[in-house]
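Take a look at the structure below.
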Amino acid sequence: MPKLLLRGKRLSGLLLGLLLGLASPNRAWAQSKYMTRAGHISFFSASIMEDIEARNDKAAAVFDLGTGQVAFSVPIHEFQFKRTLMQEHFNENYMESEKYPKATFTGQLLNAAQLLKQLHTATQTVEVEGNLTMHGVTHKAIVTGTLQLRDGQLVVFAYFNIAPADFSIDIPLLVREHIAKSVSVRINLTCDAVTPALVAQP
Amino acid sequence: MKKTTTTWGRAVKLGLLLAVGATSAAHAQADLLGQLEQDTKKNAPSQLVDATFKSTRLINGHTVQTPGEGTLVFLISHRIGPFNSGSYEFFGLDQARIRIALEYAVTDRFEVGVGRSSLNKVVDGFLKYKALQQSTGTHAMPVSVTLFSSAAITTLRYDDGRDHTLPLRTAYTYQALLARKFSSNLSLQLMPTLIHRNLVMNEGENNDIYALGGGGRYKLSKRFSLNAEYYYVLSKYTADHYTNAVALGVDIETGGHIFQLNLTNSPGMIEKQFIGETSNKVFDGGIYFGFNINRNFTVKQRQRKI
C-alpha cells in the first residue's frame, strides 16, 4: 500500500514535470521577446547643395533575447520630410515605395549569450550581423548599437551609414550634388516585453 | 520495476522537453520577421495614394493634384502656332501666347492660384480643393476627387460702344475632377465641367457650356510620362460652332522642375478658352506646339511631427 502511494506521487511528479517541460521553454521564449511598432528611424544626407532629413515613427522591430535574433520592418511610405516635394520624389523616383513598400533587416546579435547576461546590470554595446533589404536589394550589414533594459522595456540605439548606390537607388546627374554618397541612419526604439498571449496570436 | 519506470519516465520527459524547446526556438528564428510583418499588416492603417499626376496640369486643364502644403508653384505656359498659319507668321511663332501663373498650397488639400493670359488679356483666379483622396487599406477609397472653381476676367479694351462692365467681362468654371491611379504608371481622369459666361457675343449662344473631359497619363520611365486630354462639349451651340479641345503631351521631371511639352488645337490655356473657344481643326494643321514649365518652391517648411 505505501509502495503504491509512493509510485502515485512519482507519477504525478512526472506528469507535473512533463507539463512544466511543455510550458517552460515557451514561457522563457516569450518573456525574452521585445517588440515595437512605433520605433523612430531617421536619416540625414548632407551635401554642398542642401541637407535632407526625414523621419519615420512607424518602424516595427522585434528582439528575441533568448536567441539573439533581431528583425526590423520599416514602411518606406511613412518617412516624413519637411519639403513635401522631396517626400514625393523619395517615394516615386528613388525608393519606389509602391513597388518596394518596406525595408527589412534580419540579424543575429554577436556574442549574444555573454552580452545578455550583463544586460540586466548595465547598458551593453552590441553588434548585430545580418541582411538589410531595401529597394529590392539585399546586403550583408554589421551594425553597432546599444541595448538597455529600463523599467521592463528594451531601449535600443543605433547609428550607421548606407550608400544609396549599393541598393541600386538611381540618382540622376542633375541632382547628384544634392544627395550624399553616404546617408546616415539613426535608430531609436523603445520595445515592450511581449506577453505570451500576444505571441500566441496568429 | 520501479526503477526502470522512473528512468524511462525521465527519458521521455527530457525528450519532450528538448523537442518542444527546439521547435519553438526554430520557429522563433525563422519566423521572427514573418510574425512582425503579419502583425504590422494586421494593424495597417489606410494609406493615401500620392502622385496620381506629376503636375497640377494634365496638359491644358487641371489634374486632381494639389501641391503639398507651403509649396508655391510658378507656372509659365506657351502655345506657339498654329502650324497652318504659314511662313508669314513664321508658322505660328509670331503669335505665341503666354500665360504666367502662381499657385500656392495653403494646406495639403487646398490651393489658390492666379494667372494672366496674353490671349484676350484675361486674368484668372482659382480655388482647388482635394475633397477625397484615393487610398488603400481597410477603408479604401477607389478614386481621388478634387473640386475646382475659377473666375476669369477679360481686361481687353473694347471699342464697340457697349459698356463692358466687370460682371459682363467675367466667366466662371466649375469642375469635379475624378481620377484613379491604377498603377504607379497609369492614371486616368474624368472632368465633368460647367462654364458660365455672363456675356456671350452671338445670337443663340448659351451662357452655360457643359462639357465632359477625359484624360490620363502613362509613365514610360520614372521621370517621363505620356499624357493625353480631350474635352467633349455637350452644349449644342458651342458644339456646332467650335471644336473639341484635344491635346497630347509629355511630362519631363527634373527635381524641382516639371517640363510639359504638348501639341494641342487650342491657343487658350484656361478652361473658358480651350473648352469654349477652340476653333482649330487638328486635321487641317490647326495645331499649336506648347509647353508648361512648373517650378516648385517650398515657401513654408512643414512643421516636424515629434
Side-chain angles (χ1 to χ4, degrees), chain A residues 3 6-7 10-11 14 17-18 20-26 28-29 33 35 37 53 55 57-58 60-62 64 66-67 69-73 75 77-78 80-89 91-94 96 98-99 101-102 104-106 108 170 172 174-175 178 198-199 201-202, chain B residues 1-2 5-6 9-10 12-18 20-25 27-40 42-45 47-51 54 67-71 105 108 181 183-184 219 222-223 253-257 296-298 301-306:
Chain A
K3 232 180 195 179
L6 197 70
R7 193 180 271 186
R10 277 179 190 275
L11 260 172
L14 187 90
L18 264 171
L20 279 175
L22 275 167
S24 62
N26 264 325
W29 165 52
K33 249 178 157 184
M35 189 187 240
R37 286 194 203 92
E53 194 183 1
R55 52 172 55 214
D57 299 332
K58 301 273 169 63
V62 57
D64 189 339
T67 61
Q69 293 280 311
V70 177
F72 275 79
S73 176
H77 199 264
E78 295 293 340
Q80 300 293 320
F81 290 68
K82 283 182 188 171
R83 291 165 185 255
T84 53
L85 197 68
M86 270 184 191
Q87 191 167 326
E88 184 184 317
H89 291 163
N91 285 301
E92 283 284 299
N93 298 341
Y94 297 106
E96 302 178 80
E98 246 169 280
K99 214 160 144 193
K102 274 170 185 158
T104 58
F105 177 81
T106 49
Q108 169 74 47
D170 183 31
L174 211 67
V175 290
H178 291 251
L198 271 173
V199 176
Q201 275 179 11
Chain B
M1 180 65 190
K2 195 179 80 187
T5 313
T6 322
R10 272 193 189 141
V12 170
K13 194 173 104 176
L14 194 72
L16 270 168
L17 207 151
L18 278 173
V20 170
T23 45
S24 57
H27 173 74
Q29 280 170 24
D31 223 35
L32 211 56
L33 184 65
Q35 192 187 47
L36 190 65
E37 303 229 291
Q38 205 168 31
D39 276 12
T40 42
K42 206 166 56 188
N43 298 314
Q47 195 175 72
L48 295 177
V49 174
D50 288 339
K54 285 189 188 296
E69 181 180 341
T71 305
D108 279 339
K181 190 178 190 178
S183 71
S184 63
K219 257 162 79 181
K222 273 184 262 180
R223 293 176 180 80
E253 187 201 309
T254 62
H257 288 92
N296 290 292
F297 300 95
T298 305
Q301 294 197 345
R302 199 152 51 173
Q303 292 303 306
R304 183 194 277 177
K305 285 192 293 183
I306 296 173

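Quick note on labels: first sequence line is chain A, next is B, and so on, each numbered from 1.
- Across A:Phe81 and A:Glu53, no two heavy atoms sit closer than the pair CD2-O, 3.8 Å.
- Both the backbone and the side chain of B:Ser184 come within contact range of chain A, with heavy atoms under 4.5 Å apart.
- Side-chain atoms of A:Gln87 and A:Gln80, non-hydrogen and from C-beta on, do get closer than 4.5 Å to each other.
- B:Lys181 contributes a side-chain N or O that, together with a main-chain N or O of B:Asp50, makes up a donor-acceptor pair within less than 3.5 Å.
- Put simply, of B:Asp108, B:Leu48, B:Thr298, the one with the most heavy-atom pairs under 4.5 Å next to chain A is B:Thr298.
- Between chain B and the options A:Met86, A:Glu88, A:His89, heavy-atom pairs under 4.5 Å are most frequent for A:His89.
- Judged purely by atom type and a 3.5 angstrom limit, B:Glu69 has no side-chain atom pairing as donor or acceptor with the backbone of A:Thr84.
- Counting heavy-atom pairs closer than 4.5 Å to chain B, the top residue among A:Leu85, A:Val175, A:Asp170 is A:Leu85.
- Side-chain atoms of A:Arg83 and B:Arg302, non-hydrogen and from C-beta on, never get closer than 4.5 Å to each other.
- Of the atoms belonging to B:Glu253, it is side-chain heavy atoms, and not backbone ones, that fall under 4.5 Å from chain A.
- No donor-acceptor pair under 3.5 Å is formed between the side chain of A:Asp64 and the backbone N or O of A:Lys33.
- Contacts between A:Asn91 and chain B at a heavy-atom distance below 4.5 Å are absent for every atom of the residue.
- Interface remark: A:Glu98 contributes side-chain atoms only to the contact with chain B (heavy atom separation under 4.5 Å).
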